[in-house]
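For reference, the structure discussed in these notes is given below.
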Amino acid sequence: MAEEYYHNIHKVLSNTHITESTFILRIERNGLEYTPGQHLVLGRKDEGEFRQYSLYSSKDDPFFEILVKEVEDGEVSPKLKKLVAGDEVEINGPMGYFTISDARRKAHPIVMISTGTGIAPFKSFIASYNDMNYELIHGVRTIDEAYERDFYSKNKLTVCTSRDEKGDFKGRVTDYLKTQAFDKDTLFYLCGNSEMIFDAMELLKEQGMNSNNMFAEVYF
Amino acid sequence: MRYHLIVLGCQMNLSDSERVKSVIEGMGFKHTDNEDEADMLGVLSCSVRQKPIDKVYSRIHKWNKIKNKRNLITFVSGCVLPDDKKKFLKLFDFVFDMSELNNYPTMLKEYGIVTPLSLKNDIEENSVDQKEEKAELVTPEFSLNAVNLKSAQSKPSLPNNKNIFKLWDVKPHYESEFEAFVPIQNGCDKFCSYCAVPYTRGREVSRPSDEIVAEVKQLMQDGYKSITLLGQNVNSYGLDNKEEINFAQLLEEIGKLGNELKHKCWVYFTSPHPRDMSRDVVEAISKYDILGKQIHLPLQSGDDQVLVKMNRKHNVDRYRESIAHIKELVPQATLFTDIIVGFTSETEEQFMNTMDSFDEFKFNMAYIAMYSPRPGAQSFRWKDDIPKDTKKDRLQRLTQKLVSISGQYNKNLIGSEIDVLIRTTERKTGYLSGHNEGKIITRILSKDTNLIGQIVKAKVTESSGFSITAELI
């Protein structure tokens, strides 16, 4: 196993604020291996508090990026928000099994369902694999939370907005799913809050989808 | 010079303690049960609940008072959360990850602390003329005098498994002559929301399979009767290293070893995760006599919504699939599980789904815990909103259900002939106590303590909720 596998102090390269509360933190990759869908355990150096963040960047990027929304009164995200280039963070990982194998990717249509910053691993999938037959559904409250919307092909992204009418669909992700029909061999990847994931899974099961074809990463 | 070690928590810590003792005794220290006469005091900590951590703080405050009166070396290792680690650095002389155990003698040396062995070596390295002078220099005081050393102060606080392989190189000082634990994997990448292990043990790392097979082989040759493969996620074995075999293949290797050595022994494993409980694993168990027909598969909840909230990465259907494989391929296997009742926001209906799962899966044993927030875990930040009385009530109802199900299974064993590993004696009753291959507690009326550590034939005569009584044949 490579020695670099264990290095866990990384320098911040940039911190881009894309909304008032959400930012993209770019840090050194230091040669670490990474499979899209994996996450880091990350915290500000010497603080002793850590959270999990899915990687937002492509497997081919020479850096790591995470997408973070500041949690009011949170222990970690407000501190990460203040980081600037040259500061240091401590990480463990990348790790986790929320990944898509080559075989699965090539054999099945893929529907990715997310809320909020739960879009992060899907951005990484899409940026890393150009052979995916996918549809991306992103649930947000208002259109400004549809992070980096222009990155995705317009015909593959559906933004569901629950509090304004500026998205592609007015309502929650689960409302949108009720209007859709999917092929039986579709693989569903879900990432976001636990209520959305549970409700979406129940809906899909009611529509006759196989629960063994559903994969979830819960954000808390 | 003597040492005293306090071990808190799980089987993994017990297993690690066998290696810690080996390293400390390698420096020439002798073990003592009496902490008042120890020169070195250590604790293997557990962060699963707050109570063990409170014990660590209580102990070190006591030890630091003793340090004002006499020389003493203190250390802490085991499962320590980053936040506690920072505090421990100010309280203990040495704070190290288990993966750094091998460096512990070097750490002592670097701080000029004299150990019995270094004293012996120093003396032997010097001429006869210098002996007296050298001995005078180093005895009777340690060069450490009530100073808190901060051995890991400048290091990252997240667990780093870089040297975990070196821990596994240490030959353990086995506590028992017939039961042994063999670590095969360390760490956890699963991040269940109620658990802090990923923050204390670090990421999943698999021990090289050739080392595991060699250790198991040696134990079989030494006559061990029960060997348990240990890890936080044993059946994730090999997933971290593309060049390593997977868990099912590891079981196959051990199974073949059992066939080759023809030694009567049961090999178990704990704990697996339902996500990785593949059919291959169950097939391996079914093929080899040496692989114990007892499977411990934590369910945690019988409700899908609770499982999502627990971030378990499996649902009841996935669990059901694994159980179907077990019932098909190893129908004689007993089934153990872990359950948490009263998890944050668990409704009565959700709890009833767990009750129903007991009827469906027919567990022989369940380790049922009332939910309590664990510092460092995700759910620690959520409101613990199920009243204690409700948790107690759910615990009681589920336990009653378990007693009824396991009691019926045990009743059906009456009249059957079984193999029993005798482990100990019950002082009050005069019974020998042990377990059968399925780990059902078995009592035998006999005072023959020579049978301890032996697998004997017995006939089941009586049963109760969690145990059976048998007569020697």
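Every chain is numbered from 1 and lettered A, B, ... according to where its sequence line falls, protein lines coming before strand lines. The analysis underlying the following values was restricted to heavy atoms, covering all of them including side chains, and did not include hydrogens, waters or symmetry mates.
- Within the model, atoms CD of A:Glu33 and NZ of B:Lys242 stand 5.5 Å from one another, a figure rounded to the nearest 0.5 Å.
- Remark: A:Tyr219 OH to B:Gln378 CD distance equals 12.0 Å, nearest 0.5 Å.
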Residue pair B:Asn315, A:Met214: steps toward the side chain to side chain contact (heavy atoms under 4.5 Å, CB included) verdict:
CA-CA 10 Å; B:Asn315 54 21; A:Met214 300 174 199; over 6 Å; no
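- Annotation: B:Arg320, atom CZ; neighbour count of heavy atoms from other residues, nucleotides and ligands within 6.0 Å is above 12.
- The shortest distance between side-chain heavy atoms of A:Lys205 and B:Asp304 falls below 4.5 Å.
- Contact of A:Glu75 with chain B is not made at all, since no heavy-atom distance falls under 4.5 Å.
- More than 12 heavy-atom neighbours from other residues, nucleotides or ligands sit within 6.0 angstrom of NZ on B:Lys327.
- If you measure heavy-atom distances from B:Glu243 to chain A, you find no contacts under 4.5 Å at all.
- At a 4.5 Å heavy-atom cutoff, the contact between B:Gln305 and chain A is made by backbone and side-chain atoms alike.
- B:Lys86 and A:Glu47 make their closest contact through NZ-O, 3.2 Å (heavy atoms, listed as atom of the first residue, atom of the second, distance).
- A donor-acceptor pair under 3.5 Å is absent between the side-chain atoms of B:Arg318 and the main chain of A:Ser211, judged by distance alone.
- A:Tyr97 touches chain B through backbone and side chain together, each having a heavy atom under 4.5 Å away.
- Counted within 6.0 Å of CZ on B:Arg279, heavy atoms from surrounding residues, nucleotides or ligands total more than 12; the atom is thus considered enclosed.
- Each of A:Gln52, A:His39, A:Met201 has some count of heavy-atom pairs under 4.5 Å with chain B, and the biggest count is that of A:Gln52.
- Among all heavy-atom pairs drawn from B:Val308 and A:Ile197, the shortest one is CG1-CG2, 4.1 Å.
- Scanning all heavy atoms of the two residues, the minimum distance from A:Gly48 to B:Pro82 falls at O-CB, 3.7 Å.
- B:Lys313 contributes no side-chain N or O that, together with a main-chain N or O of A:Phe98, makes up a donor-acceptor pair within less than 3.5 Å.
- In this structure the side chain of B:Lys309 never reaches within 4.5 angstrom of the side chain of A:Phe198, judged on heavy atoms.
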